[in-house]
2 protein chains.
Amino acid sequence: MKDIMLDERTKRVLCAVVESYIEKPEPVGSRYIMKKYGFDVCSATIRNIMSDLEDEGFLFQPHTSAGRMPTDRAYRFYVNYIFQESIRSQSEEIKRYIESLTKRLRKLRNDMNSLFLETTQSLSQFTKYLGLALLPETDKTTLHRVDFIKFRDDLVIAVVVNDKGIVKNKIIKAYPGITQQELNSLADFVNSKYQGKAFEEIREDLFTRIKREKIFWDKLISKILKMCQQALYFSREDLYISGLYNIMHLPDFSDIEKLREIAKTIQDRHILIKLFESISEEDEIKIIIGDENPFEELRNLSIIASPYKEKDKSLGVIALVGPKRMDYQRAIMLVNAFAKSLTETLSE
Amino acid sequence: MKDIMLDERTKRVLCAVVESYIEKPEPVGSRYIMKKYGFDVCSATIRNIMSDLEDEGFLFQPHTSAGRMPTDRAYRFYVNYIFQESIRSQSEEIKRYIESLTKRLRKLRNDMNSLFLETTQSLSQFTKYLGLALLPETDKTTLHRVDFIKFRDDLVIAVVVNDKGIVKNKIIKAYPGITQQELNSLADFVNSKYQGKAFEEIREDLFTRIKREKIFWDKLISKILKMCQQALYFSREDLYISGLYNIMHLPDFSDIEKLREIAKTIQDRHILIKLFESISEEDEIKIIIGDENPFEELRNLSIIASPYKEKDKSLGVIALVGPKRMDYQRAIMLVNAFAKSLTETLSE
DNA sequence: TGTTAGCACTTAAATATCTGGAGTGCTAAA
DNA sequence: TTTAGCACTCCAGATATTTAAGTGCTAACA
């Protein structure tokens, strides 16, 4: 839906309504707007403007003779209106906060898990919304080292460390009678050949080898290579979520039904993971308001998400999830600043 | 508080009130008890009995002229009363369920994470309470293998696999210039010397070596040994919690304040971990009702917890956490059966 | 033509009032 | 010791009543 041309005063009224509603979730009246936001026309005029805005689908009344509340469209307009301002300027409070945060994050740069836990917790604590972080996708990192550990029978535990220091492990089936010796040489082979290479590249290389082996050589080797290939693939499932307790204090989630929705969202992480995976491809901070969400389950929420990077290569996403009646200005500032801070920390 | 002698009929009335309240959380009246539970005395008699029970602290009235509700003491009496019955007999429904569960669990016995996730999820799904599991304590398991991986600067990632196939990793500080070669031989040394030994034993052995080295020999070796010791110690923090969404559907948690409490409990896992650690030392299933809980934060809840073992050695705990108005019979049966099932699976 | 003052009208939310019913406690008789 | 009977209590739900916020509309005004 394209933006209709609104004259300056109408825009100001619209933003005033949105801001007032963000501050306090109650229908906003014309007189209140006039006085609080210093308009020097009388309330009837504001009333006319609000009526027009209702016709355009920016506002609605919960019932006749009540004040008006913003629609998703109004939030979208508002966000577009303040966006530039939000990512450019930072309040003194936030500036100081970010500074101290960056220091703390730097100390954790060698321990990804603590790093992202701290990030999501801080995000949530500072906004009272849910703070989320999708860890760097394994496929966007490079292999640091792999170890194969014989476990039981024909099982092998593959322990993979990437260049970010994230350790993953996977249980894979080998063949009966495989020895730790054999596994050691296999690991040596993989490490010497592939250390520092991207996972996808490695898997592809293994693939061509498998093909070759299959046609000309040993079936056993082909099997082992396949095992390696398996060991080096990880689906994305590392999503940190902090702040359930915080979000429960918002009036927007004061009724059980809404809380259940949130709980379900947190439980079914894969939806959020899918969403954030798509966002991690984006270049900039992304704001998804209510209805705009591709996933129906999330249409009662707003999401501010930003990729974080390592030298221009997007690794993952951090985000805030909150009510549509969100303090967008603050949320955008923060997510943006956090993403920058993380990017810096990771690019060092 | 010791049990007061109650005559048989009084006991029956008390249990009836508790069961009625468990079934439906509303004050229970004398006439209702009489009819529903087939007493062949008139309601006035029941009334007198209930009045006596109130004097003894088993029941209370939310207000004069209302029915009565059980106190924590009543729940405790009830649980003691039905306990033997609960762990001995099993309903057909549960029997069949446990059978199919055991089959499923057996398939996962090589993958502890999936095993315990499945366990807690099933526990919760079947009861609508929170299903919890504390993973086997590292110190109760033995070392299967350790690997030291040089990471950045003077950092080393220690990857430790225990005999349960649980992989843990830890970032430790070595000294600048340490090489992967050195780390490999160190790992070889530890593996050949300590594989199959209990972690505590290993750490102790290392401790005596450190002492010896410190006095007579190389400071460097002493430092390395210390590093090993560090690498082989893990504080307990693996607690699985499933079913937040389920528990939100109980009428007991229909108001926000109570939900917040639950959310806080889930967030501050260390309290639960502490509690379960102490329970894992017990030999049998343990039932903690409301007030009995050593931690104040949990006094609005009831907890049914049982250690699971490997050949008589207690490894960890599984548990149900729910409202005090819990279906104890069912909960006890289930936790007991699950623990047995796990014990079997792990002892194979 | 846009703005304003004024007023009737609408609606939800808060408050007060009433009523039925569930359940008790007590007493006196069996 | 149990029972029948009855007065009494208190909540919950239904029904009015009031209050306050806010609108929409009209007619006058700049």
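Naming convention: chains lettered A, B, ... in sequence-line order (proteins, then strands); numbering from 1 in each chain. Treat the numbers as computed from the prediction; the structure is a model and nothing was measured.
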Who pairs with B/Asp327 by side-chain hydrogen bond (donor to acceptor under 3.5 Å, both in side chains), at least two apart in sequence or on another chain?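 Checked B/Asp327 against side-chain hydrogen bond (donor to acceptor under 3.5 Å, both in side chains); zero matches.
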side-chain hydrogen bond (donor to acceptor under 3.5 Å, both in side chains) involving A/Ser242 - partner list, sequence neighbours excluded: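 Per chain and number, A/Ser242 pairs via side-chain hydrogen bond (donor to acceptor under 3.5 Å, both in side chains) with A/Thr120.
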Not counting sequence neighbours, which residues clear ring-ring contact (aromatic ring centres under 6.0 Å, His included) with A/Tyr37? List them please.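 Result, ring-ring contact (aromatic ring centres under 6.0 Å, His included) vs A/Tyr37: none returned.
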Count the heavy atoms of every other residue, nucleotide or ligand shown that sit under 6.0 Å from CZ of B/Arg299, and state whether that count exceeds 12.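 Counting neighbours around CZ of B/Arg299, more than 12 heavy atoms of other residues, nucleotides or ligands fall under 6.0 Å, so yes.
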Would you call the rings of B/Phe77 and B/Tyr81 parallel, tilted or perpendicular if under 30° counts as parallel and over 60° as perpendicular?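 Rings of B/Phe77 and B/Tyr81: parallel, as their planes differ by under 30°.
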Does a side-chain N or O from A/Arg9 land closer than 4.0 Å to OP1 or OP2 of C/dT3, or not?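 Yes, A/Arg9 has a side-chain N/O under 4.0 Å of OP1/OP2 on C/dT3.
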Less than 4.0 angstrom between a side-chain N/O of B/Ser30 and OP1 or OP2 of C/dG23, yes or no?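 No, outside the criterion.
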Rounded to the nearest Å, what distance is computed from the [atom1] atom of residue [X] to the [atom2] atom of nucleotide [N]?
X: A/Phe39; N: C/dT3; atom1: CZ; atom2: P; answer: 13 Å
X: B/Glu26; N: C/dG23; atom1: CD; atom2: C1'; answer: 13 Å
X: A/Met34; N: C/dA5; atom1: CE; atom2: C1'; answer: 13 Å
X: A/Met50; N: D/dG22; atom1: CE; atom2: C1'; answer: 9 Å
X: B/Asp40; N: D/dT1; atom1: CG; atom2: P; answer: 18 Å
X: B/Met69; N: C/dT24; atom1: CE; atom2: C1'; answer: 16 Å
X: B/Leu59; N: C/dG23; atom1: CG; atom2: P; answer: 15 Å
X: B/Ile46; N: D/dT1; atom1: CD1; atom2: C1'; answer: 14 Å

Starting at the 5' end of nucleotides 7-21 of chain D, put B wherever the base has a protein heavy atom under 4.0 Å, S where only the sugar-phosphate does, and a dash everywhere else. --BSS----------
Contact string for nucleotides 24-30 of chain D, one letter per nucleotide 5' to 3', B = base within protein heavy-atom range under 4.0 Å, S = sugar-phosphate only, - = neither, reads BB-----
[X] and [Y]: side chain donor to acceptor below 3.5 Å:
X: A/Glu261; Y: A/Asn300; result: yes
X: A/Asp7; Y: A/Thr10; result: yes
X: A/Tyr328; Y: A/Ser302; result: yes

Every protein N/O within reach of nucleotides 27-29 of chain C N/O, cut-off under 3.5 Å:
none

Between A/Phe253 and A/His249, does the ring centre distance come in under 6.0 Å?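 No, they do not, as the ring centres are separated by 6.0 Å or more.
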Among B/Ile266, B/Leu320, B/Leu272, exactly one meets side chain to side chain contact (heavy atoms under 4.5 Å, CB included) together with B/Leu130. Which residue is that?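 The single option meeting the side chain to side chain contact (heavy atoms under 4.5 Å, CB included) with B/Leu130 is B/Ile266.
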Audit row: A/Gln121, A/Tyr240, side chain to side chain donor-acceptor pair (under 3.5 Å) steps and yes/no: CA-CA 9 Å; A/Gln121 282 179 350; A/Tyr240 280 72; over 6 Å; no
